[in-house]
Amino acid sequence: MKTLVIANQKGGVGKTATFVHLVFDYAARGLKIAAIDLDTQGNASFTLAAHKTGVLSSDLYLKPSIDALIPTDNVALVEADPSLAEIERLPLADGIKALRQKITAMEEAGFDLCLIDTAPSLGVAMASALAVADFVVSPIELEVYSFQGITSLVTTITNIRDNVNPNLNWLGMIPAKYDARNPRHRNNLATLRESYPSLVLNPVGNRSSIAEALETSKPVWAIQRTAARKAAQEVRAVNQQIFDMMVE
Ligand SMILES: Nc1ncnc2c1ncn2[C@@H]1O[C@H](COP(=O)(O)OP(=O)(O)O)[C@@H](O)[C@H]1O
Ligand SMILES: [Mg+2]
């Protein structure tokens, strides 16, 4: 089993949109997926509600063991709950130990992939997820505020890799909500590619069909509108890029 975390300490950048589309896409390819929502906002849990298992994210940290995860259509959701806030008071080492134990159990239960959506904060939840992960990918917005956060994102990932998890592989950034007609976005994308040549994945446009998909609990490729077609292509392209890097 491989574990992939979606992380960026900035909110509203497309983490959950990326997460649910990776889940839908890879599940449709036949992979058995444990989908963990570590954000108390519970956006991913809302969209993936059909895959609930009754297991709560806080259980991963606060209970010695969890019930067997029973997938629905290849996906077993570990849903966000309010007690997740409590894990921020745990010593990081305890959080890592508890999470690692549950991830090992998922691997033993035959899951192929564990995908983790995180909250926009550099707390125990995100740090522990990065500590147990094989891969991390970071959606970003092509706005200056988002750029300012990249340095701290790089620092966080580097720190975890140097001190806790040498296996952590940063697959890169997904420019999300990209508006190709906006000169600022085009310039910012070019700057990003210059600064991080090997870390900029395919962009995903700012497309309302993606928001509609999240609201209606289906992937954007299931939305029957001409405008959704381009969005579907872009999302699938970046999902494929990530897939290829994970199996390399
Ligand atoms: N590519 C996109 N185009 C248009 N809207 C998007 C796109 N990706 C996400 N959104 C919308 O933007 C908002 C924030 O996205 P979300 O994935 O929840 O970000 P995060 O998880 O980083 O906070 C949501 O309302 C979502 O529907
Ligand atoms: Mg989110």
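First listed ligand is number 1; within each ligand, the first listed atom is number 1. Because the structure is a prediction, the values reported are computed rather than measured. Nothing fancy with the numbering, it's 1 onward along the sequence. Note that these values count all heavy atoms, side chains included, but never hydrogens, waters or copies made by symmetry.
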Checklist entry - Is there a donor-acceptor contact under 3.5 Å from the side chain of T118 to the main chain of I6? => result yes

Checklist entry - Who's the nearest protein heavy-atom neighbour of atom 26 (C) of ligand 1, and how far? => result L214 CD1, 3.8 Å

Checklist entry - Is G11 close to ligand 1, meaning an N/O of one under 3.5 Å from an N/O of the other? => result no

Checklist entry - So, the side chain of D134 versus the backbone of T3: is there a donor-acceptor pair under 3.5 Å, distance only? => result yes

Checklist outcome for this item: Per-atom filter on ligand 1: closer than 4.0 angstrom to a heavy atom of V204 are 1 (N)

Checklist entry - What's the shortest distance from atom 23 (O) of ligand 1 to any protein heavy atom, and which residue and atom give it? => result G12 N, 2.7 Å

Next on the checklist: Under a 3.5 Å cutoff, is there a donor and acceptor pairing between the side chains of T156 and Q9?
Outcome noted: no

Next on the checklist: If I apply the N/O under 3.5 Å rule, does K177 come out as touching ligand 1?
Outcome noted: yes

Checklist entry - Relative to the heavy atoms of G205, which atoms of ligand 1 are at a distance of less than 4.0 Å? => result 1 (N), 2 (C), 3 (N)

Next on the checklist: With respect to A176, determine whether any N or O atom, backbone or side chain, lies less than 3.5 Å from an N or O atom of ligand 1.
Outcome noted: no

Next on the checklist: Please report whether ligand 1 has a polar contact with K15, defined as an N or O pair separated by less than 3.5 Å (distance criterion only).
Outcome noted: yes

Checklist entry - What residue among V200, T18, N239 forms side-chain contact (heavy atoms from CB on, under 4.5 Å) with I174? => result T18

Checklist entry - Taking distance alone, with no angle check, do K10 and ligand 1 share an N/O pair under 3.5 Å? => result no

Checklist entry - For ligand 1, which part of N206 has a heavy atom less than 4.0 Å away: the side chain, the backbone, both, or neither? => result both

Item to check | Main-chain N/O of T47 paired with S217 side-chain donor or acceptor, under 3.5 Å | outcome: yes

Checklist outcome for this item: If you scan protein heavy atoms around atom 19 (O) of ligand 1, the nearest is G14 N, 3.0 Å

Item to check | Residue, atom name and distance, where the atom is the protein heavy atom closest to atom 3 (N) of ligand 1 | outcome: R207 N, 2.8 Å

Checklist entry - Hey, what's the ring geometry for Y178 with H185, parallel, tilted or perpendicular (30° and 60° as the breaks)? => result parallel

Checklist entry - atom 18 (O) of ligand 1: which protein heavy atom is closest, and how many Å away? => result T16 CB, 3.9 Å

Item to check | Those atoms of ligand 1 less than 4.0 Å from some heavy atom in V13 | outcome: 19 (O), 20 (P), 22 (O)

Next on the checklist: Before you tell me yes or no, could you show the steps for S45 and D37 under side chain to side chain donor-acceptor pair (under 3.5 Å), namely the whole-Å CA-CA distance, both residues' side-chain angles and the distance that decides it to 0.1 Å?
Outcome noted: CA-CA 6 Å; S45 301; D37 183 0; 2.7 Å; yes

Item to check | Backbone N/O of N8 and side chain of K15: donor-acceptor pair under 3.5 Å | outcome: yes

Checklist entry - Near the Mg ion (ligand 2), is there an N/O/S atom from T16 that is less than 2.8 Å away? => result yes

Next on the checklist: Atom CG of residue position D67 - does it have more than 12 heavy atoms of other residues, nucleotides or ligands inside 6.0 Å?
Outcome noted: no

Item to check | Identity of the nearest option to atom 27 (O) of ligand 1, non-hydrogen atoms only, from A231, A211, A17 | outcome: A211

Next on the checklist: Test your reading of the model: is there a side-chain donor-acceptor pair from N163 to the backbone of N159, 3.5 Å cut-off?
Outcome noted: yes

